[in-house]
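One is the number of the first residue; the rest follow in order along the sequence. These figures come from a predicted structure and were not determined experimentally.
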Amino acid sequence: MEKTIKQSNGLKFESFVYDWFTTEKNINLSHYTTKEEQYLKGENRQGVEIKNDQMFKKTGNLFISVEREYEYVTHPSGIFKDQSWLYVIGDKDCFYIFSTKQLRQIYHGNKPKLYNGFKTAKGGTERGFLLSKAMADKFCIEKVTNQTKLF
């Protein structure tokens, strides 16, 4: 049940970000619809990876996805999907836009500990590192909050 709620919230956030890009940046993101396309190509044709971090408010850290493990086989995920050049993460009240290149540099330069994150319905486990709010503020391309959305 909890996974279904998390997945539903994630999809709602994804739609919210799609609408934001359309309204604020005049960029229409075109979603890949099949699992195969998403796995091979990414979430959308424009190369924008979108992650809903439902623990951000509680922890003050962003979970930056780097890999997904299925039955002891590890696949690139999040910032390491080849076709992704932007990484959007957060929630409806506050989200960040990063360059995946910048996040990869942070990852390789700091060798942070990886944590297990979201588990998929088919048993895949997302793994990633934590990025503090202070680091996020420093390295993001853009931070979008309720305050910035008002203007």
Side-chain angles (χ1 to χ4, degrees), residues 1-33 35 38-39 41-69 75-121 124-151:
M1 179 72 113
E2 186 178 332
K3 286 182 187 177
T4 305
I5 292 170
K6 283 185 179 185
Q7 287 171 326
S8 176
N9 288 340
L11 291 173
K12 287 177 187 174
F13 178 69
E14 199 171 283
S15 291
F16 175 79
V17 170
Y18 273 53
D19 289 344
W20 182 86
F21 267 92
T22 300
T23 304
E24 299 299 321
K25 301 297 182 187
N26 202 26
I27 298 171
N28 292 314
L29 300 177
S30 176
H31 189 71
Y32 284 118
T33 55
K35 292 287 182 199
Q38 289 180 8
Y39 178 72
K41 299 176 182 178
E43 290 184 20
N44 53 64
R45 288 168 178 83
Q46 290 70 33
V48 180
E49 188 75 13
I50 301 168
K51 299 290 184 186
N52 178 219
D53 191 328
Q54 296 176 31
M55 296 297 290
F56 176 58
K57 279 186 186 136
K58 183 178 178 181
T59 66
N61 295 310
L62 294 170
F63 181 86
I64 308 298
S65 172
V66 298
E67 62 189 30
R68 186 171 286 175
E69 186 179 285
H75 303 278
S77 187
I79 62 172
F80 286 107
K81 285 190 176 175
D82 289 338
Q83 59 281 12
S84 296
W85 67 285
L86 286 181
Y87 191 83
V88 178
I89 185 166
D91 58 33
K92 284 185 177 183
D93 295 326
C94 177
F95 65 88
Y96 292 84
I97 302 171
F98 294 97
S99 156
T100 55
K101 183 178 179 180
Q102 178 77 43
L103 290 174
R104 288 176 194 153
Q105 289 173 342
I106 292 169
Y107 174 74
H108 289 305
N110 295 307
K111 306 281 190 232
K113 178 180 177 182
L114 293 183
Y115 295 92
N116 289 341
F118 181 73
K119 290 187 187 290
T120 68
T125 301
E126 200 75 23
R127 295 183 39 79
F129 67 94
L130 299 179
L131 187 70
S132 70
K133 185 179 179 306
M135 289 281 286
D137 288 342
K138 182 177 178 179
F139 291 108
C140 71
I141 293 170
E142 187 168 351
K143 177 181 179 180
V144 180
T145 67
N146 287 333
Q147 294 297 320
T148 60
K149 285 185 270 189
L150 293 175
F151 303 103

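- Asn110 CG to Met135 CE: the interatomic distance, rounded to the nearest 0.5 Å, is 5.5 Å.
- Proximity of Lys92 to Trp20: side-chain heavy atoms (C-beta onward) are nowhere separated by under 4.5 Å.
- A donor-acceptor distance shorter than 3.5 angstrom exists from the side chain of Tyr87 to the backbone of Ser65, with no hydrogens or angles considered.
- Sorted by first and then second residue, the salt bridge (Lys or Arg N to Asp or Glu O under 4.0 Å) pairs involving residues 104-116 (not counting sequence neighbours) form an empty list.
- Atoms OH and OG1, on Tyr96 and Thr145 in that order, are 9.0 Å from each other to the nearest 0.5 Å.
- Atom CZ of Phe139 sits about 8.5 Å away from atom CG of Leu131, to the nearest 0.5 Å.
- Separation of atoms CG (Leu86) and CD (Glu142) is listed at 10.5 Å; rounding is to 0.5 Å.
- Annotation: the span from Glu49 atom CD to Ser77 atom OG amounts to 6.0 Å, rounded to 0.5 Å.
- Proximity of Phe80 to Thr100: side-chain heavy atoms (C-beta onward) are nowhere separated by under 4.5 Å.
- By the 4.5 Å heavy-atom criterion applied to side chains, Asn52 and Phe118 are not counted as neighbours.
- Donor-acceptor pairing under 3.5 Å is lacking for the side chains of Asn44 and Ser30.
- Atom CG of residue Asn116 and atom OG1 of residue Thr125 lie 5.5 Å apart, to the nearest 0.5 angstrom.
- Sorted by first and then second residue, the salt bridge (Lys or Arg N to Asp or Glu O under 4.0 Å) pairs involving residues 59-69 (not counting sequence neighbours) are Glu67-Arg127, Arg68-Glu126.
- Ring pair Tyr107/Phe129: centre-to-centre distance below 6.0 Å.
- Taking 4.5 Å as the limit, every side-chain heavy atom of Phe21 sits out of range of all side-chain heavy atoms of Ile50.
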